[in-house]
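Here is the structure we will look at.
Note that these values count all heavy atoms, side chains included, but never hydrogens, waters or copies made by symmetry. Just so it is clear: chains get the letters A, B, ... in the order the sequence lines come, proteins before strands, and each one is counted from 1.
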Number of protein chains: 2
Amino acid sequence: MSSGGPPTIVSIAERAGVSIASVSRVLNGLGARPETEDRVRRAASELGYVPNAVARSLKDGHTRQLTFAVPDIGNPVYVAMVREIQAVAKAAGYRLLLHSTDADVADELGVVRSLADRTSDGLVLVPIRITPAHVEALTAAPGPVVVIGSLPDGVPVDGVQADSVTGAELAVRHLVESGRRRIALVNGPVDTVPGGNRGRGYRAALAACGIPYDPELVTATDFGVGAGARATARLLAARPDLDAVFCANDQLAIGAVQALHAAGRRIPRDTAVAGMDDSDLAVAAWPPLTSVDLGAGERGRRAARMLLERLAPGSGEPLPARRTTAAPRLVVRGSTSPGAAPAGSDEQEGAKSA
Amino acid sequence: MSSGGPPTIVSIAERAGVSIASVSRVLNGLGARPETEDRVRRAASELGYVPNAVARSLKDGHTRQLTFAVPDIGNPVYVAMVREIQAVAKAAGYRLLLHSTDADVADELGVVRSLADRTSDGLVLVPIRITPAHVEALTAAPGPVVVIGSLPDGVPVDGVQADSVTGAELAVRHLVESGRRRIALVNGPVDTVPGGNRGRGYRAALAACGIPYDPELVTATDFGVGAGARATARLLAARPDLDAVFCANDQLAIGAVQALHAAGRRIPRDTAVAGMDDSDLAVAAWPPLTSVDLGAGERGRRAARMLLERLAPGSGEPLPARRTTAAPRLVVRGSTSPGAAPAGSDEQEGAKSA
DNA sequence: TTGAAAGCGCTAACAT
DNA sequence: ATGTTAGCGCTTTCAA
């Protein structure tokens, strides 16, 4: 008899006067006599039947859910990734489980291990930093994982990374080509993946342009608007002659712009500013920020696709771990180039490729 | 025998030489003889056992997953909600399923219905607009739903809303008190929930301040930076005498600021600008934007809590539908007030409560 | 204290 | 073409 709960194949079978197997078949598009077909469909729709996804998952071993774990969902870069990953997942019929690790290493490792609870079919992980423990956990991952970040060779999971070294070079070169010579660096924590790489790119570009590295022009703080403003103010006090500020992300750059404005400097005439990530913040600033697009959306999209490929039937795990890198793209706007970025034009034509 | 797959209670039982029931008991902290306890725990850890969450869900009827459905994950307002909801969910031991409806009404309705597949225990929905079909679907919702938005009375689901009418009033009043008289409105689509309410707030505030409503000072376009810039340019051309621009969100306000800058107007001296939502964009602008915080994070938090309360055992569905409203808060910054917002101070002290 | 067995809702052999 | 049944991994009566 139909008890209290939501309808199941049993309720339908009773109502249609057939077996549960017939119900299952009809509902899954396998053959049946027209009359049976009819009775089942009618009963199902009368009862408002919706298949129980949990039961189905238990049966066939997958959930059609993907997990995406990020350090901080508020960060525009990760937001761009979430957006793309969710789009790819949705298009492929997968749901997206969003997990915030709050930049906690232990939590990151936990997410990898929790793949074992079969809650999702695979994981896209953005680690804040990659430790030996990460390598270990990743190597023993109980399911498919794609890491967004720089993975050491030998770790048997797919990875997609940004090329922030080249990205930083792009920005610094652009600054140099615009005639800047005393280019400060406002970096984030250097013991994180992004911070480390961006610092290296800065030095490489200076070297390539024949400009000596000057430690006094370099600061490392937290990533954040306030940190950027304070660091820039300090830099300005120590080295009033600086003519450009390169920031490791747009938030820092926004802070730099504010500090510069507050100090009465004109941008870009007196001091140019460039950021990284090309987030929405870049066009919100005045003047609009020149920024390096590190392809966050693109990385998200690729990661999701790689994960889905691992999940596709047939193409099992035997494939070797793959690595891919998204190419950076410099987007020139008013903060470095006087004529750029007319108001009302969202997309900047001045963009040039790596 | 222990076959290929991941360890299950059966593998543990075999290895420990006990029944699966004992395994289950030990692992769930129910009593057992010390020796049994020991053998089971040892076997479990040797095997690296992790309980299968799907099986558990099937058994006890809930997934410990919540769904959050938003029109667009890129929007800073929704990002703020996601962040809070995920935090509340995580703290309560729930996972968060993030769904983007892409502002599609049909998709919104689909999400409500899909509660029936038992993939998640409850839903927080942000509808872009509330149609009769929404009311119908919500009334027949196959599980607990909390709506963030303005729900008609009588719809039997919990709701939390912003008070954008009061919010708009706060901003307009502030503008008037700063001596502005010709205050333009740059609104988003008026057939959406936010657009409609913000327009009403604007008119109400003008009326309260004894300033006549002037249709020529009002535009409605899309929500977006480019749209804001274009609308403001148009307004400026038609009414060069305007002395303030109130925008229905921060993105529009950013656009307005750009258009104003491009037209050579000084902010706030010649023209003041105020936005809404108090997103990260507000502090990225120059001058930093005065904005009305509509409590997006707060709404997310409350919605998540209400949902969790519905889910708590005991306090079943019988509770009547609840409605709650988050109080708006005006945050004054440089775009309306000359002295405000020194660089480097992330939090603005000038904030005053409703 | 412990084991046997039922059952959550579904799919897929297998038998008819 | 359709029904019976086993089984996915777990929890929980019910007996012993």
Self-check item: For D121(B), all residues meeting side-chain hydrogen bond (donor to acceptor under 3.5 Å, both in side chains), sequence neighbours excluded
Solution: T63(B)

Exercise. For L96(A), check side chain to side chain contact (heavy atoms under 4.5 Å, CB included) against everything at least two apart and list the hits.
Key: L66(A), F68(A), V82(A), I85(A), Q86(A)

Quiz item: Does anyone know the first and last nucleotide of DNA chain D in reach of chain B, 5' to 3', at under 4.0 angstrom to a heavy atom?
Solution: dG9(D) to dT13(D)

Practice problem: Report the residues that fulfil side chain to side chain contact (heavy atoms under 4.5 Å, CB included) with R323(B), sequence neighbours left out, ordered by chain and then residue number. | Solution: L151(B), D153(B), V155(B), A321(B)

Self-check item: Pairing of D60(B) and R56(B) as salt bridge, 4.0 angstrom limit
Solution: no

Quiz item: For dG3(C), does either OP1 or OP2 sit under 4.0 Å from a side-chain N or O belonging to S22(B)?
Solution: yes

Quiz item: Under the side-chain hydrogen bond (donor to acceptor under 3.5 Å, both in side chains) test, which residues partner T324(A), sequence neighbours left out?
Solution: R302(A)

Self-check item: Rounded (10°) bend between the five-pair end axes of the helix from dT1(C)-dA16(D) to dT16(C)-dA1(D)
Solution: 50°

Practice problem: Indicate yes or no: does R39(B) engage E35(B) in a salt bridge with an N to O separation below 4.0 Å. | Solution: yes

Quiz item: Could you run down nucleotides 7-12 of chain C 5' to 3' and tag each one B, S or - for protein heavy-atom contact under 4.0 Å?
Solution: BBBBBB

Quiz prompt | Set of side-chain hydrogen bond (donor to acceptor under 3.5 Å, both in side chains) partners for E84(B), sequence neighbours left out | solution = R301(B)

Quiz prompt | Which residues share a side chain to side chain contact (heavy atoms under 4.5 Å, CB included) with S114(B), sequence neighbours left out | solution = D117(B)

Exercise. Check side chain to side chain contact (heavy atoms under 4.5 Å, CB included) between L109(A) and all other residues, then give those that pass, not counting sequence neighbours.
Key: V105(A), R113(A), A133(A), H134(A), A137(A)

Quiz item: When you check the gap from the basic side-chain N to the acidic O, do E37(A) and R33(A) get nearer than 4.0 Å?
Solution: no

Exercise. Check T325(B) against A162(B) and note the closest heavy-atom contact, atom names and distance.
Key: CG2-C, 4.2 Å

Quiz item: Residues from residues 31-45 of chain B sitting under 4.0 Å of DNA chain C, heavy atoms only?
Solution: A32(B), R33(B), T36(B)

Self-check item: Residues which pass side-chain hydrogen bond (donor to acceptor under 3.5 Å, both in side chains) with S100(B), listed by chain and number, not counting sequence neighbours
Solution: D102(B)

